[in-house]
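Quick note on labels: first sequence line is chain A, next is B, and so on, each numbered from 1.
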Protein chains: 2
Amino acid sequence: MPTSPTRDLIIEKADALFYEGGFEATSFADIAAIVGISRGNFYHHFKTKDEILDAVISRRMTRTRATLEDWEIEDERPRYRILSFVHMVIANQTEIMAFGCPVGTLCSELAKLDHVSKGRAADIFSLFRDWLAGQFRALGAGDRADDLALHILGWSQGVAVLASAFHDEAFIRREVIGITTWLDSLPNLSHHN
Amino acid sequence: MPTSPTRDLIIEKADALFYEGGFEATSFADIAAIVGISRGNFYHHFKTKDEILDAVISRRMTRTRATLEDWEIEDERPRYRILSFVHMVIANQTEIMAFGCPVGTLCSELAKLDHVSKGRAADIFSLFRDWLAGQFRALGAGDRADDLALHILGWSQGVAVLASAFHDEAFIRREVIGITTWLDSLPNLSHHN
DNA sequence: GTCTATAGCCGGATAGAC
DNA sequence: GTCTATCCGGCTATAGAC
């Protein structure tokens, strides 16, 4: 896969525009205008709009992996690693209240479009899911680890959807406290990690 | 507001198409084709696409109110009324796994489009929210009633998002059991209603 | 690698006959 | 109330000059 500064800039700007305005509603002209190139030049880098989407998803996958690694480096205790995930909804609350979760809303849109890349979008969710399951396993959750991972992933998605619909910061904070309490109350898991 | 069989049919079909394919991705031609009328005739009933969206949201509001009334008639015990809400995600699991929640996905899309009707879409959520809060008040939740309503609404939204991303029926069932258990474990609430 | 110009299509919206 | 015909604009995508 070729790489160039212009290409990278296109992907970066497209990523933001797809998040803020949706994939379908974002046109080549929109991206070209923000990047500062002509529409014609665009096609030197990407032949179709789907190719850009693919590159955007790949970018998000790479960045997600990097974030997960950062969280692992920041704290070796699984409980705090999981809380790093949970606190994302507070760290990004302004964007979430405006545009929802970038992963959840992309999956929802691509599902309705029945787009070929809808599975790849869900793969971003899987990165979080598998990583969270790993942390729950480290906490001694055993076979329940994946269920717990899915549960906390879904919880955060619900927070994002309602935060966007109601623009309610207090709700976000309450739910984050709720998740933290839930985490500490899990039976048979160590409360000291 | 005028009413006619054709107009009603347009709204009904548009409602389904907006849900299954998204608002923006659904064209006048798509709706006209399914309704069985010409595009020109369309404009006799609706002057703009936004007018159709408005009518669709109104239809959903009306139908939601009717559903809430049905749940009240079916059982006078608040706990079972709340469970009627919760079991929607199982009753509609096929559609939810394919297209997500009709309310949540519409709110997400309109938020990104910064559409004038995004607030009206969120009003559908408010119908559920206020009704649920009423049930929690009847359970003796007092000031916490609205928080609990938002919590369970968000929970169901998270289930819908992940059910659609992962197409996982077992996950839906587990979460419904989880909500039921949570409901029964709420402190200071009667467990017999 | 970047540009201009343009093709070709489909979107929403309108006019006017029947 | 329903139709056909049509306009206009924006969209994706292409061709070809520089």
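Linking Ile, Leu, Val, Met, Phe, Trp and Tyr whenever their side-chain heavy atoms come within less than 4.5 Å puts F85(A) and Y80(A) in one cluster.
Using a 3.5 Å distance cut-off with no hydrogens or angles, the side chains of D184(B) and T181(B) do not pair a donor with an acceptor. With 3.5 Å as the limit, one finds no donor-acceptor pair spanning the side chains of D50(A) and S117(A).
Atom pair E51(A):CD and dT14(D):P shows a separation of 10 Å (rounding to whole Å applied). Between H45(B) atom NE2 and dT14(C) atom P the separation is 16 Å, expressed in whole Å. Distance K47(B) NZ to dG1(D) P: 12 Å, rounded to the nearest Å. Note: CZ (F46(A)) to P (dC11(D)) measures 19 Å, nearest angstrom. Atom CZ of F42(A) is separated from atom P of dT4(C) by 15 Å (rounded to the nearest Å). Note: CZ (R39(A)) to C1' (dG16(D)) measures 16 Å, nearest angstrom. Put simply, CD on E24(A) is 11 Å from P on dG12(C), counting in whole angstrom units. Atom-to-atom, NZ of K49(B) to C1' of dC10(C) comes out at 12 Å; the value is rounded to the nearest Å.
Side chain of S38(A), nearest nucleotide from dG1(D), dT12(D), dT4(C): dT4(C). Set against dG1(D), dG11(C), dT12(D), the side chain of A29(B) has dG11(C) as its closest nucleotide. Nearest to the side chain of Y43(B), among dG11(C), dA13(C), dC3(D), sits dA13(C).
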Could you go through T67(B) and D70(B), starting from their C-alpha distance and side-chain angles, then the distance that decides it, and tell me whether this counts as side chain to side chain donor-acceptor pair (under 3.5 Å)? CA-CA 5 Å; T67(B) 298; D70(B) 284 347; 5.4 Å; no

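In this model, the phosphate group of dA13(D) is not approached by any side-chain N or O of T48(A) to a distance below 4.0 Å at OP1 or OP2. For the pair S27(A) and dG10(D), the criterion of a side-chain N or O lying under 4.0 Å from OP1 or OP2 is not met. Regarding contacts with the backbone of dC3(C), every side-chain N or O of H44(A) stays at 4.0 angstrom or more from both OP1 and OP2. The shortest distance between the side-chain N/O atoms of N41(A) and the OP1/OP2 oxygens of dC3(C) is below 4.0 Å.
Residue P187(A) comes nearest to R144(A) through the heavy atom pair O-NH1, 3.8 Å, listed as atom of the first residue, atom of the second, then distance.
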